[in-house]
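Ligands are counted one by one from 1 in listed order, and the atoms in each one are counted from 1 as well. What you see is a predicted model, and the numbers here were worked out from it, not measured in a lab.
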Amino acid sequence: MYERLRSWFSVDMGIDLGTCNTLVAVRGEGIVLNEPSVVAVKKGTNEVLNNGNAVGWMAKEMLGKTPGSITAVRPLKDGVISDFEITEAMLSYFIRKVNGKSFRFLGPRVVISIPSGITEVEKRAVLDSAERAGASRIYLLEEPVAAAIGAGLPFVEPTASMIVDIGGGTTEVAIMSLADIAVCESVRVAGDDLDEAIISHMKKTYNMMIGEQSAERIKIEIGSAAPVGEETTMEVRGRDMVSGLPRKMILSSEEVREALQEPVQAIVEAVTRTLERAEPELAADLVENGITLAGGGALLRGIDTVLSSATGLDVVIAEDPLTCVARGTAIFLENIEKLKDNLQSDMDV
Ligand SMILES: Nc1ncnc2c1ncn2[C@@H]1O[C@H](COP(=O)(O)OP(=O)(O)OP(=O)(O)O)[C@@H](O)[C@H]1O
Ligand SMILES: [Mg+2]
């Protein structure tokens, strides 16, 4: 009875607090918010512009229009909070934005996904931020568990399944069975490192500086982990490091693939290491069930091929890999009583 009443007066949210993107899913409604994890602050301060509202898309828009006096801050790095104050401002804005729409009075119950390798101090930081952002009750859910649920893996059944979530800051690799993580590894190599590899390649090979956004565009447009389909080229613009002047050049997909080899190999090694640590019975199940990829990095061309040839297992990309974790938190909310034992933390505020 109490639960039913509270569902009228508050909204339950699942939050995928990611290094690149933050998504919010509401019980019964699906994904209601999907914005970049970016905040615009006054240069040299921690002051969030626009009365605390310069967050997500709005921050991106402001940055384009008023460069110079404002800076973009990504408060999460490598999957964890690197700037507490700004993370709190960001979380608070997103929670208010979603809760505000529903005209309800109670603070929301929230499930937040966190990387599996995070320390107690880092966990505390997430809890504190959500608490101050107005959540009445906070649950932390390990990101690979959320991804597995979102990808529709047989998470609670007595058969092993494997998820590899390649995000912006971390890659989470986990083998699960019977609603629990059997083996997992979280490495701080993911999408951002692929962008950085492209930036450093341009510097080393052509003495050319390119921005993070250009690097990401190159990765998405012509990047790959293995040769798949036709090779292409792309025009790249940046600044010549010797003359200091703007410059453009043509970059090939083969060259980008070469530049991405190191971080791609680091991801492959995290996967093979995790497999080596699995009990034989679990490994045997994986011959049948294969590996499922989630996160934005799953969209890198050929990453499935590379992982499949390194492990000898079938590799499939989850449907809509960028929203897997958020959808998983929403499904988790719907089954919270049943799945509670798998929570990282259950904090009443
Ligand atoms: N088509 C694509 N090809 C390659 N990479 C992509 C593609 N689309 C998105 N990405 C990359 O996916 C990453 C973002 O993925 P995602 O939203 O899953 O990360 P996140 O959840 O914010 O990060 P984390 O889980 O590490 O905190 C970025 O590095 C982005 O460049
Ligand atoms: Mg993620």
K.L.:
For the Mg ion (ligand 2), find the closest N/O/S atom on E143 and give its atom name.
P.N.:
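Checking each N, O and S atom of E143, the shortest distance to the Mg ion (ligand 2) belongs to OE2.
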K.L.:
Which is closest to atom 17 (O) of ligand 1 by heavy-atom distance: I166, N21, L17?
P.N.:
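Checking each option, the heavy atom nearest atom 17 (O) of ligand 1 is found in N21.
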K.L.:
Sort out for me which residue in E235, E221, M202, M208 forms a side chain to side chain contact (heavy atoms under 4.5 Å, CB included) with L251.
P.N.:
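Only one of E235, E221, M202, M208 forms a side chain to side chain contact (heavy atoms under 4.5 Å, CB included) with L251, namely M202.
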K.L.:
With rounding to the nearest 0.5 angstrom, report the OH to CD1 distance, Y139 to I114.
P.N.:
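One finds 15.0 Å between OH of Y139 and CD1 of I114.
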K.L.:
Counting non-hydrogen protein atoms only, what is the nearest one to atom 28 (C) of ligand 1? Give residue, atom name and distance.
P.N.:
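Here the nearest protein heavy atom works out to C20 SG, 3.7 Å.
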K.L.:
So how far is it from I166 CD1 to L307 CG, rounded to the nearest 0.5 Å?
P.N.:
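The distance works out to 6.0 Å.
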K.L.:
Name the option, out of T170, L300, V189, D78, that contains the heavy atom nearest to atom 4 (C) of ligand 1.
P.N.:
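Minimum heavy-atom distance to atom 4 (C) of ligand 1 goes to L300.
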K.L.:
Based purely on interatomic distance, does G296 place a nitrogen or oxygen under 3.5 Å from a nitrogen or oxygen of ligand 1?
P.N.:
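The answer is yes, given that G296 and ligand 1 share an N or O pair closer than 3.5 Å.
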K.L.:
Only heavy atoms of G295, strictly under 4.0 Å: list the atoms of ligand 1 that pass.
P.N.:
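In order of numbering, the contacting atoms are 18 (O).
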K.L.:
As an exercise, identify every atom of ligand 1 less than 4.0 angstrom from a heavy atom of G18.
P.N.:
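Counting atoms of ligand 1 from 1, those under 4.0 Å from G18 are 20 (P), 21 (O), 22 (O), 27 (O).
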K.L.:
Report the nearest protein non-hydrogen atom to atom 24 (P) of ligand 1: residue, atom name, distance rounded to 0.1 Å.
P.N.:
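The answer is T19 OG1, 3.5 Å.
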K.L.:
So if I count the atoms of ligand 1 from 1 in the order they appear, which ones are less than 4.0 Å from some heavy atom of G169?
P.N.:
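This gives 23 (O), 24 (P), 26 (O) as the contact atoms.
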K.L.:
Does ligand 1 have an atom that lies less than 4.0 angstrom from a heavy atom of G297?
P.N.:
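Under 4.0 Å: yes for G297.
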K.L.:
Using a strict threshold of under 4.0 Å (side-chain N to carboxylate O), is an ion pair present between K123 and D128?
P.N.:
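Judged by the 4.0 Å cut-off on N to carboxylate O distance, D128 and K123 do not form a salt bridge.
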K.L.:
Atom 23 (O) of ligand 1: which protein heavy atom is closest, and how many Å away?
P.N.:
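Going by distance alone, atom 23 (O) of ligand 1 is nearest to G168 N, 2.9 Å.
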K.L.:
Sort out for me which residue in I81, I86, V38 forms a side chain to side chain contact (heavy atoms under 4.5 Å, CB included) with P75.
P.N.:
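Result: among I81, I86, V38, I86 is the only option passing the side chain to side chain contact (heavy atoms under 4.5 Å, CB included) with P75.
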K.L.:
So, 4.0 Å and heavy atoms of E143: is ligand 1 close enough to count as a contact?
P.N.:
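E143: in contact with ligand 1 (<4.0 Å).
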K.L.:
Would you compute the distance between atom CG of D78 and atom CG of D192 and round it to the nearest 0.5 angstrom?
P.N.:
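D78 CG to D192 CG: 7.5 Å, rounded to 0.5 Å.
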K.L.:
Once you round to the nearest 0.5 Å, how far does CD1 of I163 lie from CG of L153?
P.N.:
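Result: 5.0 Å between the selected atoms.
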K.L.:
Atom CD of residue position E254 - does it have more than 12 heavy atoms of other residues, nucleotides or ligands inside 6.0 Å?
P.N.:
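Yes.
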K.L.:
Can we say D240 and R247 salt-bridge, meaning some charged N sits less than 4.0 Å from an Asp/Glu carboxylate O?
P.N.:
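Answer for the salt bridge query: yes.
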K.L.:
What atoms of ligand 1 come within less than 4.0 Å of a heavy atom belonging to G191?
P.N.:
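Contacts of ligand 1 toward G191, numbered from 1: 29 (O).
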K.L.:
Only heavy atoms of I220, strictly under 4.0 Å: list the atoms of ligand 1 that pass.
P.N.:
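Result: 1 (N), 2 (C), 3 (N), 6 (C), 7 (C), 8 (N).
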K.L.:
Counting heavy atoms only, which of R301, K219, E216 comes nearest to atom 29 (O) of ligand 1?
P.N.:
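Nearest heavy atom to atom 29 (O) of ligand 1 lies in K219.
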K.L.:
Taking R273 first and then E185, would you say they form a salt bridge - that is, a charged N and a carboxylate O separated by under 4.0 Å?
P.N.:
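Salt bridge between R273 and E185, a charged N being under 4.0 Å from a carboxylate O: yes.
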K.L.:
Is the Mg ion (ligand 2) less than 2.8 Å from an N/O/S atom of E172, whether that atom is in the backbone or a side chain?
P.N.:
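No, E172 does not qualify, because none of its backbone or side-chain N, O or S atoms lies under 2.8 Å.
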K.L.:
Out of S224, S113, G167, whose heavy atom is nearest to atom 13 (C) of ligand 1?
P.N.:
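Heavy atom nearest to atom 13 (C) of ligand 1 belongs to G167.
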K.L.:
Could you walk me through whether S116 and E143 satisfy the side chain to side chain contact (heavy atoms under 4.5 Å, CB included) test, starting with their C-alpha distance in whole Å, then the side-chain angles of each, then the deciding distance to 0.1 Å, before giving a yes or no?
P.N.:
CA-CA 6 Å; S116 55; E143 198 169 353; over 6 Å; no
K.L.:
Give me the residue, atom name and distance of the protein heavy atom closest to atom 1 (N) of ligand 1.
P.N.:
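Nearest neighbour among protein heavy atoms for atom 1 (N) of ligand 1, to 0.1 Å: L299 CB, 3.4 Å.
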